[in-house]
Amino acid sequence: MDSLENSSSHDVPHPRKPVLNKYAFAAALLASATSILLGYDIGVMSGAIIFIKENIHISTIEVEILVGSLNVCSLFGSLLAGKTSDLIGRRLTIVLAASTFLVGAVLMGFAPSYPFLMTGRVIAGVGVGYSLMIAPVYTTELSPATSRGFLTSLPELFITLGILFGYLSNYFLAGLPNRINWRIMVGIAGAPAAAIGLGVLAMPESPRWLVMKGRYGEAKKIIQKISHTMEEAESRFQEIKMAASRLDSENSSQFSGKGVWKELLLTPSPSLRRILIAAVGINFFMQASGNDAVVYYSPQVFKAAGIHNKRHLFGITVIMGLSKTFFVLVSALFLDRFGRRPLLLLGTLGMVFSLVGLGLGSKFLAENNSKPTWAIVLSIIAVCAFLSFFSIGIGPITWVYSSEIFPMKYRAQGTSVAISVNRLVSGGVAMSFLTIANKITFARVFFILAGIMTMATIFFYFLLPETKGKTLEEIEGLFEDRPSDVEN
């Protein structure tokens with residue numbers, strides 16, 4: 001260590017080690033781009049559903065089923081993606097995700113009836129489930145420890161960009177006749193799906209998956225490209241090989257995830273149980289926050305607030321999308337500097353106060369026929385603050401955390417379990433949000449969500465240790481500590 005310091009101070013200075021490996025960044029960027037498909041759907045459906053309801057005359061219950069079905073069906077994609085990615089690899093699973101969504105988008109765009117539209121939505125949902133599970137897992141396995149937080153938060157950035165593009169699509173296409181505007185809105189999502197599916201073929205395979213398959217030569221070449229020096233590459237390669245050697249398989253080259261479900265769900269070790277609780281917990285609270293429902297139904301929320309002009313409604317959602325995008329980017333840039341826990345706790349506390357403000361604004365608007373301006377402004381600011389705090393904390397960090405804490409053997413299928421819970425809760429909230437709000441008012445729904453996020457803050461504080469700057473192989477040790485020490 002001293003010799004290194006002396007040589008750097010007396011000899012020719014060494015160039016500073018680059019913060020971000022460009023090859024790893026390019027691969028992570030392309031893999032994460034699949035998440036834009038979900039984001040676009042969330043954003044565009046918030047407006048398209050208004051025109052769908054008017055054009056094909058569906059009920060409120062059918063609206064909720066249509067909106068929430070994508071999230072429920074993505075549950076099955078998430079569950080299948082773990083086993084699929086262990087069998088055929090991470091890269092081809094991403095191609096499968098984009099291709100499936102493409103089929104669903106085309107069917108929705110040409111749907112002549114509600115059942116046809118639902119069929120397309122179900123297929124698109126499976127594709128979304130695949131992409132949500134595989135993008136963070138692939139990026140996590142490819143990323144250096146020093147930039148893993150930034151790279152693995154890219155899926156949330158793309159989800160947010162997709163939401164913004166969906167809002168813009170609503171805004172600019174709203175003036176077209178009702179019989180075609182929503183078809184263009186939902187159908188054009190097929191274009192990026194096709195581009196991503198083709199682009200992913202140029203990406204490298206996950207080196208950790210290659211090592212599990214015994215393809216050491218291919219893995220080593222990729223690790224050299226995603227490392228700053230040959231010494232770092234060799235160290236990472238040996239660390240991954242050592243982790244792979246602990247797989248309970250008679251031959252690592254035949255590893256296909258066999259037996260993982262049983263060990264993961266029926267006979268987990270104490271440390272694996274803590275990991276599963278942490279991963280499932282953060283995914284549960286991400287969607288129990290009501291974020292997706294607020295995004296899907298924000299036009300209805302603002303309609304209840306007294307804003308009826310469709311252009312004005314969609315204009316406000318564009319502002320929401322810009323706010324979300326900005327704060328996701330802030331989180332991504334600072335996640336590896338400040339760590340997961342500080343941003344996560346800041347985000348959830350901010351969401352609590354934002355939801356209380358939104359509840360108060362909604363309460364006054366519901367009880368006053370005059371719709372006071374201050375209450376409308378408070379509601380708009382509270383929604384933007386809620387989405388911003390979500391985007392700086394639990395939004396991006398959920399994908400990072402749940403994909404990096406599982407040991408190599410359990411990563412794909414463990415992450416698929418956690419994200420399946422994410423999708424199930426998201427679908428349940430989206431499919432019941434309007435019905436519950438109609439029965440107990442929007443204000444009470446927002447107060448309940450504030451209580452849920454208070455519980456989330458407590459859960460995160462006590463059960464989620466910091467993982468910043470640690471290799472995937474080192475993170476395992478964090479969950480082997482005593483439960484009382486796990487937060488330190």
Side-chain angles (χ1 to χ4, degrees), residues 33-58 62-74 76-77 94-132 135 158-200 292 295-299 310-311 313-314 317-318 321 426-427 430:
T34 58
S35 299
I36 204 170
L37 305 175
L38 171 63
Y40 181 82
D41 181 87
I42 292 172
V44 81
M45 283 302 289
S46 68
I49 197 64
I50 294 174
F51 303 112
I52 292 172
K53 188 174 182 180
E54 293 174 355
N55 183 223
I56 60 178
H57 310 293
I58 57 178
E62 288 173 320
V63 167
E64 287 182 320
I65 293 172
L66 180 65
V67 170
S69 60
L70 182 134
N71 294 318
V72 172
C73 293
S74 64
F76 299 104
I94 297 174
V95 175
L96 180 61
S99 303
T100 306
F101 187 91
L102 170 62
V103 173
V106 171
L107 288 175
M108 286 191 289
F110 289 99
S113 62
Y114 182 74
F116 206 102
L117 187 60
M118 278 296 301
T119 301
R121 197 123 176 96
V122 167
I123 295 172
V126 174
V128 163
Y130 267 96
S131 67
L132 286 180
F158 276 100
I159 289 175
T160 305
L161 284 172
I163 290 172
L164 177 58
F165 292 152
Y167 286 157
L168 290 170
S169 177
N170 288 337
Y171 183 79
F172 288 112
L173 297 175
L176 296 176
N178 286 7
R179 67 181 183 278
I180 61 170
N181 55 9
W182 66 267
R183 296 182 184 279
I184 298 174
M185 289 175 186
V186 300
I188 57 177
I196 291 165
L198 292 172
V200 168
D292 282 7
V295 174
Y296 274 129
Y297 300 120
S298 53
K310 288 178 182 175
R311 273 298 177 97
L313 286 172
F314 297 148
T317 59
V318 170
S426 177

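Since this is a predicted model, take the numbers as computed values, not measurements.
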With rounding to the nearest 0.5 Å, note down the distance linking [atom1] in [X] to [atom2] in [Y].
X	Y	atom1	atom2	answer
Ile188	Tyr40	CD1	OH	3.0 Å
Met45	Ile163	CE	CD1	13.5 Å
Glu62	Ile49	CD	CD1	10.0 Å
Trp182	Met108	CH2	CE	9.5 Å

*What residues form a side-chain contact (heavy atoms from CB on, under 4.5 Å) with Ala193, not counting sequence neighbours?*
Leu37, Phe101, Leu102

_Contacts of Thr100 that satisfy side-chain contact (heavy atoms from CB on, under 4.5 Å) - sequence neighbours left out_ = Leu96, Ile123, Val126

Ignoring hydrogens, what is the shortest heavy-atom contact between [X] and [Y]? Give both atom names and the distance.
X	Y	answer
Ser131	Ala97	N-CB, 3.6 Å
Ile196	Ala98	CG2-CB, 4.4 Å
Met185	Ser169	CG-OG, 3.7 Å
Gly47	Asn170	N-ND2, 3.2 Å

*Answer yes or no: is there a side-chain heavy-atom contact under 4.5 Å between Ile65 and Ile58?*
no

*Would you indicate whether the side-chain heavy atoms of Leu70 and Leu38 approach each other to under 4.5 Å?*
yes

*If you count the non-hydrogen atoms of other residues, nucleotides and ligands that lie under 6.0 Å from CZ in Phe76, is the total more than 12?*
no

Please report, to 0.1 Å, the donor-acceptor pairs under 3.5 Å made by any side chain of residues 115-122, with sequence neighbours excluded.
residue	atom	partner	partner atom	Å
Thr119	OG1	Pro115	O	3.0
Arg121	NE	Leu66	O	2.5
Arg121	NH1	Asp41	OD1	2.6
Arg121	NH1	Asp41	OD2	3.2
Arg121	NH2	Asp41	OD2	3.0
Arg121	NH2	Val67	O	3.2

*Please step through side-chain contact (heavy atoms from CB on, under 4.5 Å) for the pair Asn55 and Asn181, ending with a clear verdict.*
CA-CA 10 Å; Asn55 183 223; Asn181 55 9; over 6 Å; no

